[in-house]
Amino acid sequence: MSELNLILLGPPGAGKGTQAARLRKDFDLAYIATGDLLRSHVADETELGREAAAYMDAGKLVPDPLVIAMILDKVEEEGDDGFLLDGFPRNDAQADALGEELDQLGRRLTAALLVEAPDDIVIERLSGRRTCANGHVQHVTFDPPKVDGMCDLCGRPLKQRKDDQPDVVQKRLETYHEQTESLIDYYDEKGLLRRFDGTRSPTEVHDHIRATLATLRLEERL
Ligand code: AMP
């Protein structure tokens with residue numbers, strides 16, 4: 001079967017992480033989530049983490065040189081049999097760097113999966129989002145924990161991500177519109193863009209993505 005090299009696009013809170021978790025179960029893909037990698041650098045207090053933290057707390061993009069090297073190394077190390085990139089690329093320079101790297105490796109992207117949701121929905125989702133140390137996600141209104149403040153899955157305390165606080169969410173959305181949204185046209189022009197309605201239920205979005213990927217694979221074999 002042909003390898004799947006995928007990127008997930010869309011505003012913060014559109015449901016990219018939720019879809020990624022499901023797609024990883026469906027297909028054996030290396031999952032490379034830039035935000036998760038950066039957060040673990042911050043937690044481990046590495047040099048990269050120390051440099052990145054201030055940008056992340058302000059809802060801004062971490063400078064390209066730091067992020068591009070980190071992600072392209074991961075693609076080379078882990079992505080031989082296909083990959084799913086979440087949170088990268090986030091601007092044209094990162095997209096160009098990824099394209100050049102794949103060209104050099106004699107590989108290409110299968111699709112850019114865009115999960116779309118309007119700002120008001122994204123703000124509501126992110127401001128109520130709570131995460132435990134194991135990365136499980138719940139929502140105070142849409143998926144409230146059975147025991148207040150504790151993760152249903154592992155019982156660890158649920159916390160709000162620093163950058164899910166309202167003022168930072170607003171800034172992250174601005175950053176998305178100013179720097180990342182242009183990637184929609186970028187990948188559309190290359191014929192790689194596939195759109196999904198992130199306001200639908202996670203299962204509906206997942207079914208739609210799976211159907212789209214199945215069609216793409218069939219087309220590749222024709
Ligand atoms: P996320 O978990 O994808 O929402 O990312 C959290 C934060 O990490 C973002 O607000 C940025 O500060 C930083 N970040 C994640 N991905 C990138 C990227 N591709 N380029 C620059 N900064 C990023």
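First listed ligand is number 1; within each ligand, the first listed atom is number 1. Keep in mind it's a predicted model, so treat the numbers as computed, not measured.
- Heavy-atom proximity to Gln94, at under 4.0 Å, picks out these atoms of ligand 1: 18 (C), 19 (N), 20 (N), 21 (C).
- Between Asp207 and Arg210, no side-chain nitrogen of the basic residue sits less than 4.0 Å from a carboxylate oxygen of the acidic one, so the salt-bridge criterion is not met.
- Annotation for ligand 1: atoms under 4.0 Å from non-hydrogen atoms of Arg172 are 4 (O).
- Of the residues Thr180, Asp167, Asp164, the one that meets the side-chain hydrogen bond (donor to acceptor under 3.5 Å, both in side chains) test with Arg172 is Asp164.
- Salt bridge Glu101/Arg107: absent, no basic N to carboxylate O contact under 4.0 Å.
- Of the options Met56, Lys171, Gln179, the smallest heavy-atom separation from atom 7 (C) of ligand 1 is shown by Met56.
- The atoms of ligand 1 that sit less than 4.0 Å from any heavy atom of Leu38 are 8 (O), 13 (C), 14 (N), 15 (C), 23 (C).
- Protein heavy atom closest to atom 22 (N) of ligand 1, with residue, atom name and distance, is Val62 N, 3.0 Å.
- Among all non-hydrogen protein atoms, the one lying nearest atom 3 (O) of ligand 1 is Arg90 NH1, 3.0 Å.
- Counting the atoms of ligand 1 from 1 in the order shown, those under 4.0 Å from a heavy atom of Val67 are 18 (C), 19 (N), 20 (N), 21 (C).
- With salt bridges taken as basic N to acidic carboxylate O contacts below 4.0 Å, one links Lys171 and Glu174.
- If you number the atoms of ligand 1 from 1 as listed, the ones under 4.0 Å from a heavy atom of Arg161 come out as 1 (P), 2 (O), 4 (O), 6 (C).
- No donor-acceptor pair closer than 3.5 Å links the side chain of Glu181 to the backbone N or O of Tyr176.
- Of all atoms in ligand 1, numbered sequentially from 1 with element shown, those under 4.0 Å from a heavy atom of Gly87 are 16 (N), 17 (C), 18 (C), 19 (N).
- Contacts with ligand 1 closer than 4.0 Å are made by no heavy atom of Lys16, backbone or side chain.
- Using modelled atom types, no side-chain atom of Lys16 and backbone atom of Gly87 make a donor-acceptor pair closer than 3.5 Å.
- Checking Asp96 against Tyr186 by side-chain atom types alone, a donor-acceptor pair falls below 3.5 Å.
- Close contacts of ligand 1 with Lys60, meaning ligand atoms under 4.0 Å from a residue heavy atom, involve 11 (C), 12 (O).
- Atoms of ligand 1 lying under 4.0 Å from any heavy atom of Asp163, numbered from 1 in the order shown and given with element: 6 (C).
- For the pair His206 (side chain) and Ala20 (backbone), a donor-acceptor distance under 3.5 Å is absent.
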